[in-house]
Amino acid sequence: MKTSTRIESLSQHIGQEVELKGWVSNKREGKGIAFVILRDGSGYCQCVVTEESAGAEALAEATKLSLECSVILTGTVLADEKQVGGVEVQVNSLTTVGGSENYPISKKEHGVEFLMDQRHLWLRSARQWAIMRIRNTIIFSIHKYFQEQGFVQMDAPIFTGNACEGTSTLFETDFYGDPAYLSQSGQLYGEAMAMALGKIYTFGPTFRAEKSKTRRHLSEFWMIEPEMAFYDIFQNMDCIEGMLQAVVKDVLANCQEELKTIGRNTAVLESSLGAFPRMTYDQAVRIIKGEENVNGVNSIASLEEELAAKQAELAQIEAQIAEKEEQLKEPGLKKGQMNFYQSKVIEFKQIKSDLEEELRNIPQWIESARTFEYGNDFGGSDETVLTRLFDRPVMVYDWPHEVKAFYLKRNPEDTRFARGVDVLAPEGYGEIVGGGERETDVDMLIGKIHEHELPMEAFEWYLDLRRYGSVPHSGFGLGLERMVTWVCKLKHVRESIPFPRMYGRLTP
RNA sequence: UCCUCGAUAGCUCAGCUGGUUAGAGCGAGCGGCUGUUAACCGCUAGGUCGUUGGUUCGAGCCCAACUCGGGGAGCCA
């Protein structure tokens with residue numbers, strides 16, 4: 001018996017006999033023939049079982065297969081351009097390894113709650129398979145980029161003793177009788193490590209106890225936090241841009257099949273390989289408020305145009321729903337036609353509810369853009385108003401120091417501003433990276449710690465970093481799941497991580 | 001914590017302004033047809049309408065509270 005072959009490499013075995021091990025992701029059958037769509041984790045392949053090639057017994061076995069049965073089969077690889085991957089396998093023998101009765105996830109649509117309850121099985125679906133493969137490519141690519149640039153990977157602790165930025169967003173645990181909190185950032189430790197190793201990055205889990213129920217929040221997520229000695233904010237932005245582009249490039253190079261599986265239009269990913277626009281907070285505010293155009297496009301005018309377009313689209317979809325519902329009432333309708341019209345109605349209603357949501361949002365965005373108060377941090381709608389004018393991530397730097405973290409350096413030429421930088425992803429995804437140049441002046445830091453009413457004793461070690469050989473340094477934090485969500489253009493972060501932990505969701 | 005929408009069969013949904021025995025498709029089971037790609041044809045099984053209380057001659061539908069879930073605000077990656 002030959003060693004088994006992975007589906008992803010079948011195209012190199014055309015004309016040969018191979019052994020495949022996997023699960024039944026779909027099956028169709030006819031008289032004297034059965035089509036088994038096998039998946040093995042590396043890909044999907046149609047396996048054809050006929051009486052002539054496999055014998056009556058194997059055909060009977062194939063006919064009995066249900067969704068997600070595990071099987072081992074042997075067969076001949078044939079080129080077939082109609083199939084995914086360009087091949088199909090003519091089966092010679094087939095053995096069932098494990099049965100699978102009443103597999104809960106069907107080929108039809110399911111609701112979010114049901115799928116989340118079945119997450120351990122949902123991961124087997126083609127769409128989830130593709131997302132997890134892209135996530136893996138992104139993780140690998142991040143490591144590769146930093147390693148090639150001479151960064152050292154070092155992890156920050158997960159238990160932290162002091163509630164550095166307020167306890168409300170921290171998970172409290174018991175650490176040998178004392179309260180300890182799960183880390184919500186390794187950044188301060190990253191600074192210490194950068195003073196030791198020059199350029200470092202952390203890659204670890206982060207915990208936020210926010211009772212957020214939105215499409216971009218998780219209670220547990222993975223964050224990459226690089227920290228670089230002797231980098232100013234502009235070198236920091238070069239680093240962010242270089243890393244994000246390396247990741248996008250790797251995904252485009254290695255995940256074409258996965259991107260196709262999830263229906264991702266890659267135009268924006270491709271344009272993201274070009275230089276990212278960089279702008280100060282001041283300029284970003286002018287753009288949001290419609291006082292400055294981007295390539296001739298005005299933020300507010302274009303929102304109003306979009307509103308009108310969406311309203312027309314809504315009227316159209318409503319007409320289509322009415323039409324299909326009318327057709328459903330026709331007497332003597334065949335079962336198949338009824339099924340078709342019904343699934344169309346469901347599909348259109350989904351589009352309709354999405355449209356209605358956008359129609360509720362756009363006026364709020366316009367309102368929020370018009371009334372934006374200079375000096376405030378950006379809200380979700382402000383980010384959307386800004387980023388929809390670009391076809392790639394945008395970097396906004398030099399923020400009013402009051403709205404940013406205590407450790408950010410002031411712009412020496414205008415101390416109203418702190419040298420923070422936010423990277424906002426396009427297509428409505430908002431902040432994926434937050435970072436900046438760090439404050440090096442001890443007195444300035446002490447003042448800030450008092451201003452934020454933080455416990456000074458907890459920061460003594462951090463202040464030491466400025467007392468002994470302080471240097472300009474910068475860093476940033478990348479939210480892995482937000483990156484995956486944008487690259488895959490997912491509607492919600494919960495699909496970007498194998499087992500999401502979020503408000504109201506702890507199992508499976 | 002606040003705003004908003006929702007909870008009807010294993011799944012996805014319908015159920016008009018409260019009115020007799022609550023419907024469909026998918027899935028499941030059985031049978032027929034078919035080199036097929038979630039949409040061929042027929043039959044069968046399957047529901048104390050989220051929980052509790054209230055209004056009413058009568059509640060899936062109205063009211064209140066609660067539980068769970070979707071979306072959003074705040075906060076952020």
Side-chain angles (χ1 to χ4, degrees), chain A residues 25-37 44 46 48-50 66-67 80 82-84 88 90 101-118 126 165-166 168-169 184-185 187 206-225 325 328 333-347 349-350 353-354 356-358 360-361 364 368 377-381 383 403-405 422-425 429-435 476-486 491-494 496 502-505:
Chain A
S25 76
N26 201 359
K27 189 196 68 173
R28 290 174 286 277
E29 54 193 302
K31 194 159 206 149
I33 191 164
F35 303 92
V36 175
I37 309 299
Y44 291 77
Q46 170 160 288
V48 187
V49 187
T50 60
S66 49
L67 286 186
D80 183 350
K82 280 186 298 183
Q83 303 302 333
V84 181
E88 72 173 18
Q90 185 75 40
E101 273 179 53
N102 299 323
Y103 186 67
I105 300 178
S106 72
K107 290 176 275 180
K108 283 274 182 171
E109 286 178 29
H110 293 288
V112 184
E113 193 187 358
F114 175 78
L115 288 170
M116 286 302 301
D117 285 340
Q118 307 292 333
E165 293 176 59
S168 64
T169 63
Q184 56 175 357
S185 167
Q187 127 113 61
T206 301
F207 307 89
R208 304 268 167 100
E210 286 286 351
K211 289 183 179 174
S212 299
K213 282 169 70 116
T214 80
R215 63 183 76 194
R216 56 183 191 284
H217 285 90
L218 291 169
S219 304
E220 177 185 297
F221 62 96
W222 290 72
M223 190 151 67
I224 295 92
E225 293 184 285
E325 281 180 337
L328 270 172
L333 206 58
K334 288 279 175 74
K335 218 171 166 185
Q337 288 172 304
M338 187 181 284
N339 184 12
F340 175 76
Y341 290 141
Q342 246 177 20
S343 58
K344 274 290 172 210
V345 168
I346 290 172
E347 188 188 324
K349 281 192 175 173
Q350 186 58 52
S353 85
D354 287 352
E356 282 170 342
E357 193 190 320
E358 285 182 74
R360 278 194 303 272
N361 284 337
Q364 287 174 16
S368 151
D377 204 348
F378 293 170
S381 44
E383 290 179 355
V403 301
K404 288 289 174 187
D422 280 3
V423 180
L424 309 175
Y429 284 90
E431 190 175 350
I432 52 172
V433 170
F476 61 93
L478 167 71
L480 176 65
E481 285 73 21
R482 285 198 181 169
M483 182 71 182
V484 175
T485 302
W486 168 57
K491 285 186 76 175
H492 198 297
V493 270
R494 68 183 151 224
S496 70
M502 48 203 280
Y503 184 57
R505 171 65 60 181

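Throughout, protein chains are lettered first and strands after them, A, B, ... in sequence-line order, and every chain is numbered starting at 1. Hydrogens, waters and symmetry mates are skipped; everything else that's a heavy atom, side chains included, is used.
Of the candidates rA28(B), rC68(B), rG72(B), rC68(B) carries the atom nearest the Glu113(A) side chain, counting heavy atoms from C-beta on. Counting only heavy atoms from C-beta on, Asn102(A) has its side chain closest to rA28(B) among rG72(B), rU36(B), rA28(B). The side chain of Arg494(A) lies closest to rG71(B) when the candidates are rC76(B), rG35(B), rG71(B). Distance from the side chain of Asn26(A) is smallest for rA38(B) among the nucleotides rA38(B), rG74(B), rU12(B). Of all nucleotides listed (rG35(B), rC75(B), rA77(B)), rA77(B) comes nearest to the side chain of Arg482(A).
Within 4.0 Å of Ser212(A), counting heavy atoms only, lies at least one base atom of the nucleic acid. Glu220(A) comes within contact range of no nucleotide atom at all, as no heavy-atom separation falls under 4.0 Å. Looking at heavy-atom distances under 4.0 Å, Leu218(A) makes contact with a base. Residue contacts for Phe221(A): at a heavy-atom cut-off of 4.0 Å it reaches a base atom on one of the strands shown.
Look at the P atom in both rG71(B) and rC26(B): the space between them is 29 Å, to the nearest Å.
At rG71(B), none of the side-chain N or O atoms of Lys213(A) fall inside 4.0 Å of OP1 or OP2 (strictly under the cut-off).
Remark: Ser219(A) pairs with no residue by the side-chain hydrogen bond (donor to acceptor under 3.5 Å, both in side chains) rule, at least two apart or across chains.
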